[in-house]
Every structure is written in structure tokens, then in C-alpha cells.
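The block underneath contains the structure these notes are about, expressed in C-alpha cells.
Quick caveat: nothing in here was measured; it's all calculated off a predicted structure. All chains are named by letter (A, B, ...) in the order of the sequence lines, taking the proteins before the strands, and each is independently numbered beginning at 1.
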2 protein chains.
Amino acid sequence: MGLRERKKQRTRDALVDAALDLFLSRGYEATTIDQIAAEVEVSPRTFFRYFASKEDVALSLTADEQRVLLAELVARPESESPFTALCQAMRSLLKMLREADDAETGRYLRCQKVVHSTPALLAGAMRLIKENERRLVAEVARRLGADPWDLQPKFIVAVFVSVALACFDERTQDPVVLARRLEDLLTLAERSLCPGWDLAACSAESAGRPAEAASTTG
Amino acid sequence: MGLRERKKQRTRDALVDAALDLFLSRGYEATTIDQIAAEVEVSPRTFFRYFASKEDVALSLTADEQRVLLAELVARPESESPFTALCQAMRSLLKMLREADDAETGRYLRCQKVVHSTPALLAGAMRLIKENERRLVAEVARRLGADPWDLQPKFIVAVFVSVALACFDERTQDPVVLARRLEDLLTLAERSLCPGWDLAACSAESAGRPAEAASTTG
DNA sequence: TTGTCATCTGTCATCGACTGACATAAATTG
DNA sequence: CAATTTATGTCAGTCGATGACAGATGACAA
């Protein structure tokens, strides 16, 4: 990798770190782009060449996580049922967070703190999650051999996302505690949901009639 | 009600209508506050005395709906299980939408169209829904006699919200179609979830052990 | 090394969202 | 009608974000 590429990466990381520090100490709204840029000693204009908006820099890590989650889902074996695969992908993500180096972990924790204490950022995070949800639905639909517009894949992903989101309250940030809460919630979900609920292929059109058993295990 | 109050209400409604019209015809980002204010013949400064932001005017109806949903839930009899009560509250909300007069219905449809075609507004709507979710959880926890921090009420509300959200895709706006999709999804949910799943009282601490059956029906 | 080229960066100008301060106009109250 | 309260308009200013242009810097070939 050339010098140029490395410099850009360093500038980008420095901007994220400076932004998170300032957001955490002075608050998100109270922090200006000029302050962030000054901290890294670049012009405000340059900031916007790295990030599309002030929100973008705060949510860059969140966006990364969503990309990883999708990638992990795609990497799960086809033999797993959709919901199982989604849960395993989430476990992989949390494992990566737990095993990251200190700089990475620090960034992650600061990001979580800032996002969860700023309504505007929470909204942005939800937008990213919702956008990714569409991709997750497409992948689950593919696994089920169903149409992406069917209610079944939508429902499966919706249940998963709601469980995953329920892990994050205003106080929980530590990846270890997070993982524990996820397992608790998955136990709760497992107990609440009928066995094989994420396998039977039934579209909205046949919702009123009994579903035929269908296994997609391969 | 005095003249002053009535005038304010008329100005407010006019601002919402003008804003939705402009957002729909020119797009949300392309519409300026000045244009909205000019349409209603008030100063731009006055706009911000009625709405905190440009987003606020677009989501004022969404905020109203969330308030109604919570009120309907609170009004449901204690004899209903939490998930049933939530579903009935949602049905009430949709019924109110179906039975509203033309002006109201028109506003609602335009609002839906604008929100679902503008990422920034979709994010804002999600924020409102998430904020309301906290209140729904508190009410469900009260009904269960559980602590609001328990995972059980969180899970119940999360499943409900995800089902409700799955009704709205990019294309569905008509309240009648919406109601049909909701029923389809609830059928799907009913088939996927174990009977009594939203009744057993088990906190996060006891998640690993078998739950004792407990009825809160009164 | 040197010169050329692509790319990155800073400066400047501008727009639009949003806010505080102050003066004016209107409605409410006695 | 007079006094008080409250809504509105005007003005100035901050901050987020973008386009245009010029200068700086790394990449690369001769």
C-alpha cells in the first residue's frame, strides 16, 4: 500500500477518534466541525471529503458493524435455519468485538456511549440498521427459496433485529455484558417460538390456510 | 376556545398541509422553510415557533399516531394478555385511520408517502417509534407486574413493534391494505409463537432455568 | 533526478437550517 | 379604554454542508 493510502487511513482514523472524544466530552450538538478539524489539523473542508456529514463520522463504526453482520450471515452454512444463522452471525460479531485490540475496543465503547446518549444519532443508527435489514431479508429469502416480498422472511428478520436491539439499552455497552444479554434473550426467544417456526414456507397469500411442512435444510 | 387558540390551530394545520404538499411535489430536501412559510404567508421565524425543525413538521402526524397507540394500549382491559392488548391497540389505531374524514386521510397518505421516500424522515420516524417503545415496555411491565428492566416485557414489545413495522414497506400506504397485512402478519406470528408466551413471568436472572407458569389474567 | 500527471488539500463564496434579541401588533383581561 | 399578555416580524448571526478554483504533494516514467 502506498504512502498516500496510509496517510488517508491515518487521517480518517484520527478524525473518528477526535470526533468521538469531543462528542463525549462536550456533547454531539455542542461540537463543531471546525473543532474536530482543528484537532486533527486539517481544514473543515477536508473533513467533508472523508465524511458526508457530522452524523456520518459518529456512525462510521455502526455502519461497519452492519456490513460485518451481513457478511457473517452470508458466510453461515446453508444447513442452518435462517434464524439460527442470524443468531450465529450476531455471535460472531460480538466475538470479534470482544477479541479486538484496545484501540478498537475503546473506539467502540465511546461510539456506543455517544450514540445512545444522542437522540439524533440513535435515529441515524436505526436508519442504518433498517437499511441493512432489507439486505438481511433478501439473504434470508434466498435461503428459504422464497420471494423477498413474502412476509415470512420479513418476519424472521424482524424478530431477530428486535431481539438484537433489545440487547442494547441505555446502559449496556461492554461487549461481554452484551453477549450475556443476547444469550438470555435468545433463550427467551427459543422458549417463546415454536420449533421450526423459521422453516415452514408460507407466503402472505396462504396465511389463512394451514402451512405445509417444508424443510430447506441442505 | 378563544380566537387566539383557533388561529394558532389553523396556522399549524396550514403549515403541515403546505409542507406535505411541497415535500411531495419537490422533494423534502429541495423544499426550503422559506417556501413553506411563504405558502402560509407567515415569516420563516414563525415556522420555528410552531415546529422545532423541518423534520418535526413532516413527522407531526407520526408523533400523533404513536401517542394514540400508547393511549389505546393503556385503555385495553387488564384481562387481555400483553401481546393481545398491543395488537388490539394497533387495530384500534388502524380503524381510526380508516374512519377519518377525507382531509385527515389525505394528510395521512401524503405523510406516509413522503416519510417512506425520504431516508432522513424514515430515520426520524424510527426514532419516534423507539422512544414510544420505551413507554410501551413500561406499560407492559406494569401489566405483567414485572420490572421495566426485565427482558420479558422488552421482548414482547419488540416482537410487536417488529410485526407492526413489517406491515409498512415502501409501497403500502392505504389503511385498508395496511390492516389486511397486519392481520396476515399476526396470523403468522400466532402460528410461530407458543401459546401463552407473553404471560410467563421470567426475568433475565432466571433465563437459564425453566419458567414457572404464571397467569396475570384478572 | 526531473518532469508530468493524478489526486489531495486549503481558501473562498454561498446556501439553508436554526436561534437569540428586540420591536411591533394583536388578543385577552379588568 | 387601558394594561397585560402573547404572537409575530425583522435582523443579525452561528453552524452544517457544497461547489469552484488554485496550490501542494505523492505516484510514476524517462
For [X], what residues pass the salt bridge (Lys or Arg N to Asp or Glu O under 4.0 Å) criterion, not counting sequence neighbours?
X: B/Glu72; value: none
X: A/Glu183; value: A/Arg91
X: A/Arg181; value: A/Asp169
X: A/Arg67; value: A/Asp64

For atom CZ of B/Arg45 and atom P of C/dC22, their distance in whole Å | 14 Å
Please lay out, stage by stage, how B/Arg135 and B/Glu139 fare under the test salt bridge (charged side-chain N to carboxylate O under 4.0 Å, His left out).
-> CA-CA 6 Å; B/Arg135 302 187 199 100; B/Glu139 170 62 11; over 6 Å; no
Enumerate the residue pairs fulfilling ring-ring contact (aromatic ring centres under 6.0 Å, His included) with a member in residues 16-42 of chain A, sequence neighbours excluded, ordered by first and then second residue.
-> A/Phe23-A/Tyr28
Residue list, side chain to side chain contact (heavy atoms under 4.5 Å, CB included) with B/Asp13, at least two apart or on another chain = B/Gln9, B/Arg107
Return the residues of residues 11-39 of chain A meeting this criterion: a heavy atom under 4.0 Å from some atom of DNA chain C. Order them by number, or give none.
-> none
Tell me which residues in residues 46-55 of chain B put a heavy atom below 4.0 Å from DNA chain C, sorted by number, or none.
-> B/Phe48, B/Arg49, B/Ala52, B/Ser53, B/Lys54
Produce the list of close N/O pairs, under 3.5 Å, pairing protein atoms with atoms of nucleotides 28-30 of chain C; give distances to one decimal.
unit_1 : atom_1 : unit_2 : atom_2 : d
C/dT28 : OP1    : B/Leu3 : N      : 2.9
C/dT28 : OP1    : B/Arg4 : N      : 3.1

Considering residues at least two apart in sequence or located in another chain, which fulfil the side chain to side chain donor-acceptor pair (under 3.5 Å) criterion with B/Ser117?
-> none
Going 5' to 3' on DNA chain D, which nucleotide is the first and which the last to come under 4.0 Å of a heavy atom in chain A?
-> D/dG16 to D/dA27
Side chains of residues 1-8 of chain B: which donor-acceptor partners sit under 3.5 Å, not counting sequence neighbours?
none

